[in-house]
Amino acid sequence: MQSRSPVMENRSCSAGWRQSRPRIRALLAAEQSPGHVAVEGWVRTVRHGKGVAFLAVNDGSCLASLQIVVDTAGPAGRALERVGTGACVRAAGRLIVSPGSGQRWELVADELVVLGPVDAAYPLQKKRHGPEFLREIAHLRPRTNLFGAVFRVRSKLAFAVHRFFQERGFLYVHTPIITANDCEGAGEMFRVTTLDPLRPPGDGTQIAWRDDFFGEKTGLTVSGQLEGELFAMAFADIYTFGPTFRAENSNTSRHAAEFWMIEPEMAFADLAADCALAEEFFRFLIQAVLAECPEELGFFEQHVAPGLIARLEAVAAAAFARMSYTEAVGALQRSGREFSFPVQWGGDLQSEHERFLSEQVVGGPLFVTDYPAELKAFYMRLNDDGRTVAAMDLLVPRVGEIIGGSQREERLEVLERRMRACGVDPAGLDWYLDTRRWGSCPHAGFGLGFERFLMYVTGVENIRDVIPFPRTPGNARF
RNA sequence: UCCCCAGUAGCUCAGUCGGUAGAGCAGGCGGCUGUUAACCGCCUUGUCCGUGGUUCGAGUCCGCGCUGGGGAGCCA
């Protein structure tokens with residue numbers, strides 16, 4: 001074995017970023033042996049013998065680990081005593097067809113370097129851990145099978161989101177993270193300020209926000225929709241994909257204070273077109289994950305959600321159901337089912353109602369459209385009946401509401417009337433109203449919660465387990 | 001924020017009627033083996049979430065608090 005200088009030791013980082021470091025995913029998929037290779041990764045398990053030891057090394061490129069075979073008496077054997085579960089190692093040797101069963105390829109090491117040792121306190125073991133425990137060590141959980149699979153799927157799907165819209169000519173727009181709109185009714189905002197909380201300017205009873213950094217009260221965005229609409233009325237088809245913040249004190253498995261939302265907006269589109277886009281988008285993403293992440297889905301199928309793959313394939317093949325709010329209320333009333341909350345026209349659909357509709361009545365994704373105007377936000381277009389708006393929610397089994405959208409009210413007078421009815425001061429949104437004043441057009445859009453989609457597609461039941469470092473009430477660690 | 005449940009070794013969990021704490025895994029040592037969450041033997045490990053109370057005696061019963069989970073509301 002050749003000796004290496006310290007510079008050579010790190011050559012994969014400094015000169016030619018991957019020349020000496022094939023990913024384990026590529027090695028395991030090799031048709032023919034590439035011969036002598038070096039891999040770097042983290043040890044999942046060690047099986048010691050007298051003459052030979054086996055390391056399972058994972059580099060995050062795929063679910064499977066590469067088996068490293070080490071002759072305990074050979075040159076690589078000296079490092080073995082420092083190798084435990086969790087250690088970071090580099091191993092070099094020949095990639096050969098494994099004589100053992102359980103893997104096609106294995107690496108017979110002639111060199112083994114412990115880059116980062118571990119001690120007995122390393123919390124991850126080769127046995128299964130519960131998700132609650134792993135959440136407490138969110139800095140280490142990406143090294144597990146489950147979270148490795150989740151975050152590879154997350155990455156693939158994030159890219160697929162862009163591919164979907166870019167292929168269809170949508171413009172990607174970065175709407176502001178810091179904003180002064182707090183009147184969208186979407187949720188409580190986090191305050192953004194540089195004022196000293198102990199000595200704020202003002203007369204002692206009111207804070208003088210004009211002395212704050214932006215000269216007015218600002219917060220983190222709860223939605224990029226209003227700005228997205230402005231861009232749709234210039235670029236026709238646009239989308240946003242970015243972080244969104246809600247300061248709601250929500251303690252559930254499907255709410256986070258910081259999450260990623262995708263918000264397309266289309267000019268010259270009505271509610272039917274909006275639903276059609278949502279359905280095509282949803283199906284595109286499911287087909288993408290089926291095609292690109294089969295190993296990960298297999299893992300979720302086996303360890304997280306039996307039946308997942310068949311469910312996804314069915315959803316990818318079938319048309320989504322559509323039902324107006326009025327029809328949904330009728331279906332619930334006819335069901336004869338006892339609900340803890342009564343069903344009546346004009347009332348909000350409760351979680352139990354939504355779940356019953358998507359899980360029992362339809363057995364899959366379901367658009368509910370045309371809700372009573374009093375239940376929805378001011379910007380949703382008033383229908384001709386005068387009492388419903390062109391809104392839609394996409395409900396899916398287990399997760400619930402995953403998309404919320406609407407055709408927007410493009411008529412200036414109607415919009416102003418709706419704003420006043422909803423208690424929103426039109427003066428604060430003069431720039432938004434300007435688009436209705438000059439060159440207004442019919443348009444529609446929706447918001448998809450990216451994490452909720454990940455929950456649906458992975459079967460993971462808690463939103464905290466599909467975000468790298470979740471932010472929820474009382475928790476901003478890491 | 002509301003309702004319900006839980007908190008015991010590094011992890012997963014058992015602990016009877018209130019009587020002074022255990023198993024598997026992990027870790028250590030030894031053995032064996034081209035192993036596959038290897039296996040076999042031996043060994044180590046405790047603020048029983050915190051706090052106050054009831055009791056001769058509390059992991060166990062009661063109050064309060066903290067943390068986590070499930071559900072509800074809000075919503076994506």
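All chains are named by letter (A, B, ...) in the order of the sequence lines, taking the proteins before the strands, and each is independently numbered beginning at 1. All values derive from a computational prediction rather than experimental measurement.
- Checking the phosphate oxygens (OP1, OP2) of G70(B), a side-chain nitrogen or oxygen of Asn462(A) falls inside 4.0 Å.
- Rounding to whole angstrom units, CG of residue Leu55(A) and P of U36(B) are separated by 15 Å.
- Regarding contacts with the backbone of G71(B), every side-chain N or O of Thr252(A) stays at 4.0 angstrom or more from both OP1 and OP2.
- A salt bridge between Arg408(A) and Glu265(A) is present, with a side-chain N of the basic residue lying under 4.0 Å from a carboxylate O of the acidic one.
- Across all strands shown, G73(B) remains unpaired; no Watson-Crick or G-U wobble contact has both distances below 3.5 Å.
- Positionally, the nearest nucleotide of RNA chain B for Arg464(A) lies more toward the 5' end than for the other of Leu448(A) and Arg464(A).
- Taking atom CZ on Arg44(A) and atom C1' on A38(B), their separation rounds to 18 Å, with Å as the unit.
- Per the geometry, CG belonging to Asp348(A) stands 12 Å off P belonging to A76(B), to the nearest Å.
- The distance between atom CD1 of Ile68(A) and atom C1' of U35(B), rounded to the nearest whole Å, is 14 Å.
- When the side-chain nitrogen and oxygen atoms of Arg47(A) are compared with OP1 and OP2 of A38(B), one or more of them lie within a distance under 4.0 Å.
- Atom CZ of Arg135(A) and atom C1' of G69(B) are 8 Å apart (whole Å).
- Across all strands shown, the partner of G27(B) is C43(B), judged by Watson-Crick or G-U wobble contacts whose two distances both fall under 3.5 Å.
- Judged by Watson-Crick or G-U wobble contacts below 3.5 Å, the nucleotide A6(B) has U67(B) as its partner.
- One donor-acceptor pair, N or O on each side, does fall under 3.5 Å between the base of U35(B) and the side chain of Gln103(A).
- Remark: C32(B) base-pairs with no nucleotide; criterion is Watson-Crick or G-U wobble with both hydrogen-bond distances under 3.5 Å.
- One can place CG of Asp71(A) at 16 Å from P of U35(B), the figure rounded to the nearest angstrom.
- Between the side-chain ring of Phe450(A) and the base of A76(B), no stacking contact exists by the 5.5 Å and 30° definition.
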What's the verdict on side-chain contact (heavy atoms from CB on, under 4.5 Å) for Arg168(A) and Asp237(A), showing C-alpha distance, side-chain angles and the deciding distance? CA-CA 9 Å; Arg168(A) 285 159 182 76; Asp237(A) 296 326; over 6 Å; no
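- Summarising the base pairing, C61(B) is matched to G53(B) through a Watson-Crick or G-U wobble pair whose two defining distances lie under 3.5 Å.
- Between the OH atom of Tyr456(A) and the P atom of A76(B) there is a distance of 19 Å, rounded to whole Å.
- With respect to Arg322(A) and Glu279(A), a salt bridge is recorded, a charged nitrogen being found less than 4.0 Å from a carboxylate O.
- A23(B) and U44(B) are spaced 10 Å apart, taking the P atom of each and rounding to whole Å.
- Using a 4.0 Å cut-off between charged side-chain N and carboxylate O, Glu292(A) and Arg163(A) make a salt bridge.
- Distances shorter than 4.0 Å separate some side-chain N or O of Lys126(A) from OP1 or OP2 on A38(B).
- Of the residues near RNA chain B, Ser253(A) and Gly449(A), the one whose nearest nucleotide (by heavy atom distance) lies more toward the 5' end is Ser253(A).
- For His129(A), the listed nucleotide lying nearest its side chain is C11(B); candidates were A38(B), G34(B), C11(B).
- Between Arg452(A) and Glu401(A), no side-chain nitrogen of the basic residue sits less than 4.0 Å from a carboxylate oxygen of the acidic one, so the salt-bridge criterion is not met.
- Rounded to an integer number of Å, the gap from CD of Gln125(A) to C1' of G10(B) is 6 Å.
- Below 30°, between 30° and 60°, or above 60°: for Trp260(A) and Phe241(A) the angle between ring planes is above 60°, a perpendicular geometry.
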